[in-house]
Asks: 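The following block contains the structure, expressed as structure tokens.
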Amino acid sequence: MIQPNALATRSRSRLRPEILTGLAQLKLATGLQSLSFRCDAPVTACLPWVIASAESALSAGTAQHAWGLVLRDDEGEAHAAAVLLELTTPSGPALRLAGAEGGYRTAMLSLDDHAAAALAESLLAVLQGRGASFGLALGPVDVLDPVVERMSMAVQDWALDGSSEVPVVRRTGPAEATEYLTPSVRRTLRKVRNRLHSDGIESQVTFTRERHRILRLLPGMALAYRDRDEAHGVSAALAESATSDEPGWSLFAARVKALAGQGGMEVATLELDGELAAYVVGFDDGHAYRVMDGRFVSSWARYSPGRLLETAVLQRMLDDPSKTSLDWMTSIAPESLLVANHVERVVTMRARIDPYEARRQR
């Protein structure tokens, strides 16, 4: 149920809403990428990531439509924005934030508290005008997300899913990655390095940011990605199916192609005897180094290539004095991570929007 006066109405006179219908308009919208930079938003809220997510969901049939809401001032400068996907679920029509597939925390963009309040108000007005009830999922976003906070002030039939925590490694002083690892992981790494030496296996870690080099890595990354799916009993057909909860290779590849060469994307690879044994896709994102995904090839499991490469990535973050944390980006499968010494809570606002009920209450 909507409470019409819960948000400041004066925002309407200062920021005007613009509806972007479909991917074509979203791609051509001006100022959205620069807005994400000005908001210091994570890479998961930037336009290339969101567009790649929307394109993949639409092509897989998991979403039926994508649209965005942008608030601009009188000079046309964007102050706030959100992109949503329309879904058909077993419980009926639903909307969710684009970019959150795979459990990645994302964000709705707002320059300040005023813009956040205006975005919440305008978004509610648009949702009320849809003419049918539907479910709404906004998240995962940071626990103090200002837009979600204001939305929750204006909607009564809502719940906050706050059970998720994103693991991170915060810099605590030591400059060596091994100082952050548990004794058991350090022992594993020592054994692995001894095995490499005794078996005469040459290892090489490379960090790549050039777009053409990243794209050349995709075929090998695809083999590693699908190899790990099969090792966990996930068939390629299931991973790519419209009913699967797993985003699958198609979405992963779309994100890599969209962001290669920009957004601070960096691909770390470990080669053993000249063959790809593991990869990690990360982002140099301001104060944080964010890890999107990492996989290893099962045939090299004797040498724990994933652990070796993740340690190198952690060391890369520590070697950069501007970085304060390594962000694992998602709350999924924290038990499989190399290390974490802190968590950051994320929430998802889930609501039932019923325009008929809202009009009846006015």
Side-chain angles (χ1 to χ4, degrees), residues 32-33 36 39-58 60 62-63 66 68 81-85 87 94-109 137-145 147-148 161-169 221 225 228-229 239 244-260 262-267 279-295 310 313 325-337 340 342-350:
L32 294 192
Q33 185 69 339
S36 65
C39 294
D40 194 27
V43 65
T44 50
C46 73
L47 192 60
W49 176 287
V50 170
I51 290 294
S53 299
E55 285 182 327
S56 180
L58 290 168
T62 56
V83 178
L84 295 100
L85 296 177
L87 316 172
L95 287 174
R96 74 172 181 214
L97 280 181
E101 295 83 355
Y104 293 106
R105 73 170 133 187
T106 184
M108 291 173 282
L109 303 177
L138 301 177
V141 295
D142 287 340
V143 66
L144 297 178
D145 183 271
V147 180
V148 165
D161 178 1
S163 60
S164 298
E165 295 177 332
V166 177
V168 300
V169 182
M221 292 164 65
Y225 192 104
R228 296 313 300 156
D229 276 350
S244 173
D245 290 332
E246 294 294 329
W249 168 255
S250 62
L251 175 55
F252 176 81
R255 284 170 170 164
V256 171
K257 292 174 183 177
L259 286 159
Q262 60 176 314
M265 174 178 276
E266 184 170 78
V267 177
Y279 73 82
V280 169
V281 179
F283 297 91
D284 183 342
D285 198 15
H287 63 85
Y289 194 98
R290 307 187 193 276
V291 175
M292 169 181 163
D293 186 69
R295 306 262 176 149
E310 287 174 338
V313 170
S325 64
L326 179 74
D327 176 12
W328 295 109
M329 291 181 66
T330 175
S331 62
I332 295 176
E335 69 282 351
S336 66
L337 298 178
H342 187 72
V343 294
E344 296 176 355
R345 188 178 169 214
V346 293
V347 297
T348 298
M349 176 184 172
R350 304 186 188 279

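Residues take their numbers from the sequence shown, with the count starting at 1.
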Asks: Testing the basics here: between Val256 and Met265, what is the closest heavy-atom pair and its distance to 0.1 Å?
Replies: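 Heavy atoms only, the tightest pair is CA-CE, 3.7 Å.
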Asks: Judged by atom type as modelled, is there a donor-acceptor pair below 3.5 Å linking the side chain of Asp327 to the main-chain atoms of Ala288?
Replies: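 Checked: no pair found.
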Asks: Going by heavy atoms in the side chains, are Thr44 and Arg290 under 4.5 Å from each other?
Replies: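 Thr44 vs Arg290: side chains apart.
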Asks: Of all the heavy-atom pairs spanning Ala41 and Leu109, show the shortest one and how long it is.
Replies: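 Nearest heavy atoms, Ala41 then Leu109: CB-CD2, 3.5 Å.
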Asks: After noting the C-alpha distance and the side-chain angles of Met221 and Val281, does the key distance pass the side-chain contact (heavy atoms from CB on, under 4.5 Å) rule?
Replies: CA-CA 10 Å; Met221 292 164 65; Val281 179; 3.6 Å; yes
Asks: Just jot down the side-chain hydrogen bond (donor to acceptor under 3.5 Å, both in side chains) partners of Ser53, sequence neighbours excluded, or say none.
Replies: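 Ser53 satisfies side-chain hydrogen bond (donor to acceptor under 3.5 Å, both in side chains) with Arg255 once adjacent residues are dropped.
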Asks: Test of understanding: with side-chain contact (heavy atoms from CB on, under 4.5 Å), list the residues that count as partners of Leu138, not counting sequence neighbours.
Replies: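 Applying side-chain contact (heavy atoms from CB on, under 4.5 Å) to Leu138 gives Leu84, Leu97, Met108, Leu136, Val148, Met151, Met349.
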Asks: I need the Arg96 CZ to Thr348 OG1 distance, nearest 0.5 Å.
Replies: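 Arg96 atom CZ to Thr348 atom OG1 measures 11.5 Å (nearest 0.5 Å).
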Asks: Does Arg295 qualify as a cation-pi partner of Tyr225, given the criterion of NZ or CZ under 6.0 Å from the six-membered ring centre and within 45 degrees of its axis?
Replies: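 Checked: cation-pi criterion met.
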Asks: Please name the pair of heavy atoms, one in Ala66 and one in Leu85, separated by the smallest distance, quoted to 0.1 Å.
Replies: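 Residues Ala66 and Leu85, closest heavy atoms: CB-CD2, 3.7 Å.
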Asks: Contact between Gln33 and Pro48 at the side-chain level, heavy atoms closer than 4.5 Å - yes or no?
Replies: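 Yes - at least one pair of side-chain heavy atoms lies under 4.5 Å apart.
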Asks: So, using ring-ring contact (aromatic ring centres under 6.0 Å, His included) as the criterion, who are the partners of Trp49 when residues are at least two apart?
Replies: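 By the ring-ring contact (aromatic ring centres under 6.0 Å, His included) rule, Trp49 matches Tyr104.
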Asks: Answer whether the closest heavy-atom distance between the side chains of Val141 and Val347 falls below 4.5 Å.
Replies: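 With C-beta onward as the side chain, the pair touches.
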Asks: Quick one: CD on Gln262 to SG on Cys46, what's the gap to the nearest 0.5 Å?
Replies: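 It is 7.0 Å, given to the nearest 0.5 Å.
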Asks: What are the two closest non-hydrogen atoms of Thr106 and Ala100, and how far apart are they?
Replies: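 Nearest heavy atoms, Thr106 then Ala100: CG2-CB, 4.1 Å.
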Asks: Are Val346 and Asp142 side-chain neighbours, meaning at least one heavy-atom pair lies under 4.5 Å?
Replies: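 The answer is yes, as the side chains (C-beta and beyond) meet within the 4.5 Å cut-off.
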Asks: Sequence neighbours left out, what passes side-chain contact (heavy atoms from CB on, under 4.5 Å) with Glu55? Give chain and number order.
Replies: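 Once residues adjacent in sequence are excluded, the partners of Glu55 under the side-chain contact (heavy atoms from CB on, under 4.5 Å) criterion are Leu23, Lys27, Ile51.
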Asks: Heavy atoms only: give me the nearest Ala340-Val169 pair and the separation to one decimal.
Replies: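 Scanning both residues completely, I find the closest heavy atoms to be CA-CG2, 4.0 Å.
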Asks: For a quick test of reading the model, state the closest non-hydrogen atom pair linking Val166 to Ser331 and the distance between them.
Replies: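 Closest pair (atom of Val166, atom of Ser331, distance): CG2-N, 4.2 Å.
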Asks: Would the distance check show the side chain of Thr330 and the main-chain N or O of Gly103 forming a donor-acceptor pair, the cut-off being under 3.5 Å?
Replies: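 Yes; at least one donor-acceptor contact below 3.5 Å.
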Asks: Using the test side-chain contact (heavy atoms from CB on, under 4.5 Å), find all partners of Val50 that sit at least two apart in sequence or belong to another chain.
Replies: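 With neighbours one apart ignored, the set is Val83, Ala98.
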Asks: Taking side-chain hydrogen bond (donor to acceptor under 3.5 Å, both in side chains) as the test, write out the residues that go with Glu266, two or more places apart.
Replies: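 So Glu266 forms a side-chain hydrogen bond (donor to acceptor under 3.5 Å, both in side chains) with Arg209, Tyr289, Arg316.
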